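First the structure, in the form of structure tokens, and then the observations on it.
Each chain gets a letter, A, B and so on, in the order its sequence line appears, and its residues count up from 1. None of the values given here were measured: they were computed from a predicted structure. Just the heavy atoms: all of them, side chains too, but no hydrogens, waters or symmetry mates, feed the values below.
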Amino acid sequence: MKSTINKIIASIKLAVNESITRSVDEGAFTIDHMPSIIIEVPRDTTHGEFSTNVAMQITRQAKKSPKLIGEVIIKNIDTNNSYIKSVELAGPGFINFHLNQNWLYEVLEDIYDLRGSYGSSDIGAGKKVNVEFISANPTGPMHMGNARGGAIGDGIASILQCAGYQVSREFYINDAGNQIEKFGQSLEARYLQLLGQNIEFPEDGYKGEDITEHMKNFIEEQHKEYIDEESDRRKKAFIEYALNLNLQKIKEDLNEYGIKYDVWFSESVLHCQNQVNAVIDELKNKGYAYEKEGAVWFKATEFGCEKDDVLVRNNGIPTYFAADIAYHLDKLRTREFDWSINVWGADHHGHVARLKGALEALGIEPDRLTIIIMQLVRLTRKGEISRMSKRSGKMVTLSDLIDEVGKDAARFFFNLRSPDSHLDFDLDLAMEQSNDNPVFYVQYAHARICSILRQLDVEVSFSQVTLTLLKEKEEILLIRKLADLPQEIIMAIEKLDPSKITKYALDLSSDFHSFYNACRVKLEDEELMKSRIILIQCTKQVIENCLGILGVSAPEIM
RNA sequence: GCGCCUGUAGCUCAGUAGGAUAGAGCAACGGCCUUCUAAGCCGUGUGCCAAAGGUUCGAAUCCUUUCAGGCGCACCA
């Protein structure tokens, strides 16, 4: 799966490394240690295809000027049997490499051979990774924050798969605890109100329409037989009824959204199987938990937190925190995932340190857990900020969004920016002018290619083309961009940021559209035409690979 | 008050683990369809990189302080 660009970068690195060694041996300069040689792509193409700043990096330890060091490195570099055409010293001490263009044509061969796996690598070495995302409360429909988390989480999972990780996508169902109790109270109040009783609605209950809707349907289906039932049993029945429906709806919506989970993990199972109590006991036994004022506390301060946290309330009910520790222990110890990645909204970031602390207390290396903190989505409508809260009732749901702008636009849009950036989602723009969405720009490139291929309808095999005919500026730029994908994916993994892929897809599409306007594929000259067919087939493949990662479809006709 | 995230063109954002002249999209203006999809292409300009110090060959990027916005700091999740 080693791609041409990676091979070239590695070979340049090696050549530079050997040259430095040789220079030191002949006494041109001295170094304490070999620096890590970084090969980068200069922004300005007149600076060559690749460059390195290594001469500047070692000025300090060598105590010679960057220019002098650079000259020696260039003198001693062995460029035989490589793609390197020439090497030059430029600017403050950059060493620039100009390559024979032949390597670009090999890139096309890579894509042609590797197809869907072009861009993949094996750096993940089969490590087991659990990616948990969305995990929306099943007390109501999913909101825009869940939508963003879904796009980011699924994207991260896909990138990791490309890099050879063994990925499991997981949804944690919070079907236990306080908010479920609130959910039950809210349902009960609406039920009784619907049946004419003058009941006060819980102050911090769920005020959404969906709660009333559930109870309306429930009354129609089950009549009014719960009116005289004891409250606890009644709430239990309501919760079971509504939770199932909500969960079903969540699954349907996510299916529409193009997200497939491997595991739906239920919080209540942790309680039933006594895992929550077990983890609390373990913390107690290890001396990291203590009792105070009738509650059980975790000594989070011993792990760098500002204060300790409650594991068991003084009413004997464990907190969400305790369950979360048990859950992550289940992932990392019981189920033996090498790495656990969670995507959380910024409103949960305060929870990160203490969870990692708890894992450390239990003897789990905290670095095995990575939390991606995603900044919140802010909705604007006609310039006004509309708050989104499940309890306030009025909100835009994921399924509204899919209905209005479509899954492709939504998923692309949410991965247009890095998780770190605050996202203003302009509803008017998204819902009224969805044609402005950049996703169409990429899809259109794909559809255009499909259209050309459909009309030409020529079978071309690699052996019958002369790729060196592809030498127009736009052709070279396009191939150069195609060559970048493997590096882009590695970058996306290092940052755990799928938006890198989105941006790459936009850049690639732009290079394709430029090519399209400058060069025709359908030509009298059959040789050139066949070469260009290969070029656009490769472009089509790479667009598909990118859109596949993002969970966006690649239509053949638009 | 403390912690995390953010501050780059009129707007929305990139800026590749410190590099060469700071980039895109939108918006504005001008061009390009008798030939493969004009949801496209080509061209025109815009910056006290929030502010001030510091680190070094070199800073939008790293450190310190200040300012502004978002989010946290529950026996809620």
Could you write out each protein N or O paired with an N or O of nucleotides 8-10 of chain B at a distance under 3.5 Å?
none

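B/C33 has its base syn relative to the sugar, with a glycosidic angle deviating from 0 by at most 90°. Base orientation at B/A50 is anti, since its O4'-C1' glycosidic dihedral falls outside 90° of 0.
For A/D309, the salt bridge (Lys or Arg N to Asp or Glu O under 4.0 Å) partners at least two apart in sequence or on another chain are A/R354. With sequence neighbours left out, the ring-ring contact (aromatic ring centres under 6.0 Å, His included) criterion links A/H271 to no other residue. Residues passing the side-chain contact (heavy atoms from CB on, under 4.5 Å) test with A/K292 are A/Y290, A/W297, sequence neighbours excluded. Under the ring-ring contact (aromatic ring centres under 6.0 Å, His included) criterion, A/F183 pairs with no residue at all, not counting sequence neighbours. Residues passing the ring-ring contact (aromatic ring centres under 6.0 Å, His included) test with A/Y504, sequence neighbours excluded: none. In terms of the side-chain contact (heavy atoms from CB on, under 4.5 Å) criterion, residue partners of A/S135 (sequence neighbours excluded) are, by chain and number, A/E132, A/Y172. For the ring-ring contact (aromatic ring centres under 6.0 Å, His included) test, no residue two or more places apart in sequence or in another chain qualifies with A/F412.
Residue-level contact check: A/A295 touches the bases, meaning some heavy atom is under 4.0 Å from a base atom. In this structure, A/N314 reaches the bases: a heavy-atom distance under 4.0 Å links it to at least one base atom across the strands shown.
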Kindly list each side-chain donor-acceptor pair under 3.5 angstrom involving residues 530-542 of chain A, sequence neighbours excluded, with atom names and distances?
unit_1, atom_1, unit_2, atom_2, d
A/K530, NZ, A/E526, OE2, 3.4
A/S531, OG, A/T466, O, 2.9
A/S531, OG, A/E527, O, 3.2
A/R532, NE, A/E475, OE2, 2.5
A/R532, NH1, A/R520, O, 2.7
A/R532, NH2, A/E475, OE2, 3.0
A/T539, OG1, A/L535, O, 2.8
A/K540, NZ, A/E544, OE2, 3.0
A/Q541, NE2, A/N545, OD1, 3.0

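Of the listed nucleotides (B/G3, B/C5, B/A77), B/G3 has the atom at the smallest distance from the side chain of A/H349. Out of B/U6, B/C57, B/A20, the shortest distance to the side chain of A/D420 is found at B/U6.
Among residue pairs with one or both ends in residues 314-328 of chain A, those qualifying as side chain to side chain donor-acceptor pair (under 3.5 Å) are A/E170-A/Y327, A/D324-A/H351, A/H328-A/K331, A/H328-A/N342; sequence neighbours excluded.
Side-chain N/O atoms of A/S51 and base N/O atoms of B/A20 include a donor-acceptor pair closer than 3.5 Å. For A/N96 against B/A20, a side-chain N or O and a base N or O form a donor-acceptor pair under 3.5 Å. Side-chain to base pairing of A/D347 with B/G72: no donor and acceptor N or O lie closer than 3.5 Å to each other. Residue side chain A/H422 does not reach the base of B/C71 through any donor-acceptor N/O pair under 3.5 Å, judged by distance alone.
Considering only side-chain N and O atoms, A/K500 lies under 4.0 angstrom from the phosphate OP1 or OP2 of B/G15. Using a 4.0 Å cut-off, no side-chain N or O of A/S418 falls inside it from OP1 or OP2 of B/C13.
In this structure, A/H47 counts as stacked on the base of B/A20 under the 5.5 Å centre distance and 30° plane angle limits.
Note: CZ (A/F512) to P (B/C42) measures 13 Å, nearest angstrom. With rounding to whole Å, A/K292 atom NZ is found 10 Å from B/C75 atom P. Residue A/K307 contributes atom NZ, which lies 12 Å from atom C1' of B/C75 at whole-angstrom precision. For A/E306 and B/G72, the CD to P distance is 16 Å, given to the nearest whole Å. Atom NE2 in A/H351 sits roughly 14 Å away from atom P in B/A74 (whole-Å rounding). Taking atom CG of A/L311 as the reference point, atom P of B/A77 lies 12 Å away to the nearest angstrom.
Defined by atom type and a distance below 3.5 Å, a donor-acceptor pair is present between the side-chain atoms of A/Q487 and A/N6. Defined by atom type and a distance below 3.5 Å, a donor-acceptor pair is missing between the side-chain atoms of A/N415 and A/S499.
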Nucleotide by nucleotide, 5' to 3', does protein get under 4.0 Å of the base (B), only the sugar-phosphate (S), or neither (-) in nucleotides 29-40 of chain B, counting heavy atoms?
------BBBSBB

Give the dot-bracket string for RNA chain B, reading 5' to 3', where a pair is Watson-Crick or G-U wobble with both distances under 3.5 Å, ( ) marks pairs inside the strand, [ ] marks pairs crossing earlier ones, | marks a partner on another strand, and . marks unpaired.
(((((((..((((.....[...)))).(((((.......))))).....(((((..]....))))))))))))....

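Classification of A/K503 and A/E488 as a salt-bridged pair fails, no side-chain N sitting under 4.0 Å from a carboxylate O.
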Full working for ring-ring contact (aromatic ring centres under 6.0 Å, His included) between A/Y288 and A/F303:
CA-CA 10 Å; A/Y288 294 117; A/F303 299 92; 5.2 Å; yes

